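Here's the structure, in structure tokens; my notes come after.
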Amino acid sequence: MKEEIAGHQSIIKYQNNEFSTFNDMIATEFPLTLYVNREEFATIVCSPTHLQELVLGFLASEGVIRRRADIQDIHLDDSKGFCHITLTKELTHNTTHYSKRMISSCCGKSREFYFVSDAATAKVSMTDKTIKADEIIYMMEQLQQSSTNFKQTGGLHNAAISDGHDFYIHRSDIGRHNALDKLYGYCIEQHIPIRDKVLIFSGRISSEILIKASKIGVGIILSKSAPTDLAIKLAHDLNITAVGFIRNGSFNIYSHPQRIVK
């Protein structure tokens, strides 16, 4: 299957008191079912690009693998929407916990997790990295300039991972989590250390996105949009610097401001 993040679709548009027909670019939605050690594990609805990165990042963020060497074989059949993964170990991940809702408290903190798998794999950042204010503005401008697919479709989320100066990689997907998992998978495949990296994200920083950032292991997340109140609580507890509303040369710092310098 040719990887197409968007395709042409005939639509009717109303503008200036007139109806007209033209071809528009529409984001592609693709279901990918994962089998781990021959056991059906999950179905991800995604954009059909960089699928192996997506699989690696998803499995790592769910605690199934820790490194590329944990996978013995990976066979991606994108014509049918299946990916078969054979691990070098038994699958100890409790699938009954995969979507089990919970609220947990840890180490006297008010960390509120909705899923057991999140509580098990979220990591407290230990980075001492700092980033300059003008670098934050510059990186968000870079993300916006790189988001050509979003400009064409209006239906994608965009994310990048950076050393604080330049992008390592930029990815797009219909799913917010998927875009981040593709970045994570890229770093796993390329053996890139993540601890001192920065995530740049186009969408709202929800609690789910904040937890995803903690699973990846970064200590700084930058967004064009706003965080939620639970995301801010989690950012404080997980030692993550959350920066939002990066627009027109300004931004807001919501947690751990010591990492942002002039």
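Just so it is clear, the structure is predicted and the values come from calculations on it, not from any experiment.
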**Request:** Would you indicate whether Lys89, at its atom NZ, is surrounded by more than 12 heavy atoms from other residues, nucleotides or ligands within a distance under 6.0 Å?
**Result:** yes
**Item:** Under 3.5 Å: donor-acceptor pair, side chain of Asn16, backbone of Glu18
**Value:** no
**Request:** List the steps, then state whether side chain to side chain contact (heavy atoms under 4.5 Å, CB included) holds for Phe58 with Leu34.
**Result:** CA-CA 10 Å; Phe58 175 78; Leu34 310 187; 3.6 Å; yes
**Request:** If the plane angle is over 60° it's perpendicular, under 30° parallel, otherwise tilted; pick one for His157 and Phe201.
**Result:** parallel
**Shortest non-hydrogen separation from Gly249 to Ile137 and the atoms involved** = C-CD1, 3.6 Å
**Prompt:** Do Ile260 and Thr130 touch side chain to side chain, with heavy atoms closer than 4.5 Å?
**Reply:** no
**Message:** Could you tell me if Thr241 and Arg259 have a donor-acceptor pair between their side chains, going purely by distance under 3.5 Å?
**Reply:** yes
**Message:** Please find the pair of heavy atoms, one from His165 and one from Ser162, that lie closest to each other, and give the distance.
**Reply:** N-OG, 3.5 Å
**Request:** Using a strict 4.0 Å threshold on nitrogen-to-oxygen distance, state whether Lys197 and Asp163 make a salt bridge.
**Result:** no
**Asked** Counting N and O atoms only, with roles assigned by atom type, does the side chain of Asp181 sit under 3.5 Å from a partner on the main chain of Leu54, one being a donor and the other an acceptor?
**Response** no
**Item:** Side chains of Ile240 and His256 in contact at under 4.5 Å (non-hydrogen atoms)
**Value:** no
**Item:** Any donor-acceptor N or O pair under 3.5 Å, side chains Thr28, Ser47
**Value:** no
**Complete:** Closest non-hydrogen atoms of Ile205 and Val243, given as atom of the first, atom of the second and distance, are CD1-O, 3.9 Å
**Asked** Would you say Phe245 and Lys224 make side-chain contact, with heavy atoms under 4.5 Å?
**Response** no
**Message:** Can you give me the closest heavy-atom contact between Ser202 and Leu143, atom names plus distance?
**Reply:** N-CD2, 3.9 Å
**Asked** Which atom names give the shortest non-hydrogen contact between Tyr254 and Gly244, and what distance separates them?
**Response** CE1-N, 3.5 Å
**Message:** Walk me through whether Leu199 and Leu180 qualify under side chain to side chain contact (heavy atoms under 4.5 Å, CB included).
**Reply:** CA-CA 8 Å; Leu199 277 179; Leu180 300 184; 4.2 Å; yes
**Asked** Judged by modelled atom types alone, do Lys212 and Ser61 share a side-chain donor-acceptor pair under 3.5 Å?
**Response** yes
**Prompt:** How close do Ser207 and Thr228 get, heavy atom to heavy atom, and via which atoms?
**Reply:** N-OG1, 3.7 Å
**Request:** Examine Ile253 and Ile246 and state if one hydrophobic cluster contains both, with Ile, Leu, Val, Met, Phe, Trp and Tyr joined whenever side-chain heavy atoms are less than 4.5 Å apart.
**Result:** yes
**Message:** For the backbone of Asn23 and the side chain of Ser10, can you confirm whether one donor and one acceptor N or O come within less than 3.5 Å of each other?
**Reply:** no
**Prompt:** Which pairs, with at least one residue in residues 5-15 and sequence neighbours excluded, count as a salt bridge (Lys or Arg N to Asp or Glu O under 4.0 Å)?
**Reply:** none
**Message:** Using side chain to side chain contact (heavy atoms under 4.5 Å, CB included), reason through Lys262 and Lys132 one step at a time and then give a plain yes or no.
**Reply:** CA-CA 5 Å; Lys262 286 188 177 179; Lys132 293 182 179 179; over 6 Å; no
**Asked** Sequence neighbours excluded, which residues qualify as ring-ring contact (aromatic ring centres under 6.0 Å, His included) partners of His84?
**Response** Tyr35
**Request:** Tell me, with the steps shown, if Ser255 and Lys233 meet side chain to side chain donor-acceptor pair (under 3.5 Å).
**Result:** CA-CA 9 Å; Ser255 59; Lys233 292 177 185 177; over 6 Å; no
**Message:** Atom CD of residue position Gln190 - does it have more than 12 heavy atoms of other residues, nucleotides or ligands inside 6.0 Å?
**Reply:** yes
**Request:** Give the intermediate values and the outcome of side chain to side chain contact (heavy atoms under 4.5 Å, CB included) for residues Ile71 and Thr86.
**Result:** CA-CA 6 Å; Ile71 294 180; Thr86 303; over 6 Å; no
**Asked** Taking side chain as C-beta onward, heavy atoms only, is Cys83 less than 4.5 Å from Ile74?
**Response** yes
**Asked** Would you say the side chains of Ser250 and Asn248 form a donor-acceptor pair under 3.5 Å?
**Response** no
**Item:** Contact check, side chains of Lys215 and Glu62, non-hydrogen atoms, under 4.5 Å
**Value:** yes
